[in-house]
Amino acid sequence: ACGEARGMKKRVKFALIAAAALVFIAAAAAIWGYAGARIVHLKYETVHIPGLPAAFDGKTVLFVSDLRADSWATPGRVRRLMEQLADTRPDLIVLGGDYTGDLIWDDAAGDIPRRARLFLELGELSAPLGKYCVAGDADRMLDKYADASLSDFALMGGFMLLSNDAAEITIGDESILLLGLDDWNE
């Protein structure tokens with residue numbers, strides 16, 4: 001009986017240590033995710049495109065995707081983000097979708113004013129060759145279930161929504177096409 005009691009104590013002790021370790025790991029992951037979602041990472045890349053018209057050589061493109069402006073999108077945070085992005089002084093801006101909440105059922109009613117505020121702030125950015133955007137899956141869901149047109153919000157910020165469409169961008173007598181494709185799953 002004494003050996004059984006010791007064995008039981010060891011199993012209980014192990015279970016408590018394992019549970020504490022799991023709680024610690026879960027808390028660390030949550031803190032890391034929370035902090036990581038609020039840090040903007042600017043990455044600069046030089047891309048060589050064979051056949052690119054000479055007029056476009058050296059032009060800069062600011063590509064921003066998955067902003068997912070949910071409850072973190074306070075006016076101050078959005079303003080600081082816009083200041084960081086404006087400092088890049090892009091020639092062309094392309095937004096890759098998913099502008100608000102991760103999931104429509106999280107807070108669809110809250111996503112509509114956040115989307116409006118985000119595009120109004122994005123409207124402060126300038127790019128001589130234009131500002132374009134496409135929809136992400138979360139944007140399509142918001143449009144579908146909350147009757148809120150991404151196209152209207154994009155226009156508020158001076159962006160052209162490309163939905164299975166193309167825009168011709170011209171410098172002098174040379175041009176390129178920028179394509180915006182909808183969700184390939186649909």
Side-chain angles (χ1 to χ4, degrees), residues 36-70 72-102 104 111-144 148-186:
R38 281 139 183 83
I39 298 170
V40 176
H41 300 277
L42 290 177
K43 184 175 181 179
Y44 295 87
E45 293 288 335
T46 299
V47 179
H48 301 282
I49 302 172
L52 182 71
F56 290 90
D57 189 35
K59 298 299 180 197
T60 59
V61 176
L62 172 61
F63 177 76
V64 181
S65 185
D66 294 272
L67 287 167
R68 298 195 187 276
D70 51 22
W72 72 265
T74 63
R77 286 185 177 140
V78 171
R79 196 172 310 106
R80 284 189 298 277
L81 171 63
M82 294 310 114
E83 288 168 0
Q84 282 184 285
L85 297 178
D87 286 345
T88 65
R89 302 202 190 321
D91 295 300
L92 174 70
I93 299 174
V94 179
L95 303 179
D98 290 342
Y99 306 104
T100 54
D102 209 7
I104 184 67
D111 277 347
I112 294 170
R114 283 190 284 269
R115 184 191 270 185
R117 182 173 58 224
L118 183 66
F119 272 100
L120 285 171
E121 291 286 341
L122 287 166
E124 298 296 316
L125 296 174
S126 64
L129 296 179
K131 301 188 300 186
Y132 301 90
C133 65
V134 296
D137 58 342
D139 302 311
R140 289 286 175 225
M141 288 173 34
L142 184 60
D143 283 1
K144 184 176 180 179
S149 170
L150 177 59
S151 181
D152 294 340
F153 287 103
L155 287 173
M156 288 171 47
F159 286 83
M160 174 190 254
L161 176 66
L162 297 177
S163 179
N164 291 326
D165 202 359
E168 185 174 13
I169 301 168
T170 303
I171 300 175
D173 62 349
E174 297 182 312
S175 63
I176 59 171
L177 286 179
L178 180 65
L179 305 175
L181 302 177
D182 259 350
D183 187 356
W184 61 273
N185 287 313
E186 293 184 4

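None of these values were measured; they are calculated from a predicted model. Hydrogens, waters and symmetry mates are skipped; everything else that's a heavy atom, side chains included, is used.
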Asp182, Leu181, Leu150, Val134 screened by side-chain contact (heavy atoms from CB on, under 4.5 Å) with Ser163, the one that passes: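 It is Asp182; the other options fail the test.
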Only one of Leu129, Val61, Leu62 forms a side-chain contact (heavy atoms from CB on, under 4.5 Å) with Asp91, so which one is it?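 Only one of Leu129, Val61, Leu62 forms a side-chain contact (heavy atoms from CB on, under 4.5 Å) with Asp91, namely Leu129.
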How far apart are the closest heavy atoms of Thr88 and Leu85, and which atoms are they?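 Reported closest heavy-atom pair: OG1-O, 2.5 Å.
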How close do Pro90 and Pro128 get, counting heavy atoms only, and between which atoms?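 Looking at all heavy atoms of both residues, the shortest contact is O-CD, 3.5 Å.
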Out of curiosity, [X] [atom1] to [Y] [atom2], how far, rounded to the nearest 0.5 Å?
X: Leu179; Y: Leu162; atom1: CG; atom2: CG; answer: 8.0 Å
X: Leu125; Y: Glu83; atom1: CG; atom2: CD; answer: 10.5 Å
X: Ile93; Y: Cys133; atom1: CD1; atom2: SG; answer: 11.0 Å
X: Glu168; Y: Leu178; atom1: CD; atom2: CG; answer: 11.5 Å
X: Met160; Y: Leu155; atom1: CE; atom2: CG; answer: 8.5 Å

Working for side-chain contact (heavy atoms from CB on, under 4.5 Å), residues Phe119 and Leu95: CA-CA 11 Å; Phe119 272 100; Leu95 303 179; 3.9 Å; yes
Yes or no on side-chain contact (heavy atoms from CB on, under 4.5 Å) for Phe56 and Ile49, after CA distance, side-chain angles and deciding distance? CA-CA 10 Å; Phe56 290 90; Ile49 302 172; over 6 Å; no
Is there a donor-acceptor pair closer than 3.5 Å between any side-chain N or O of Glu174 and the backbone N or O of Ala55?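 Yes, the answer is positive, given that a donor and an acceptor are paired below the 3.5 Å cut-off.
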More than 12 foreign heavy atoms under 6.0 Å from CE of Met156: is that the case here?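 Correct, the count exceeds 12.
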Answer yes or no: is there a side-chain heavy-atom contact under 4.5 Å between [X] and [Y]?
X: Asp165; Y: Tyr132; result: no
X: Ile176; Y: Pro53; result: yes
X: Ile171; Y: Lys59; result: yes

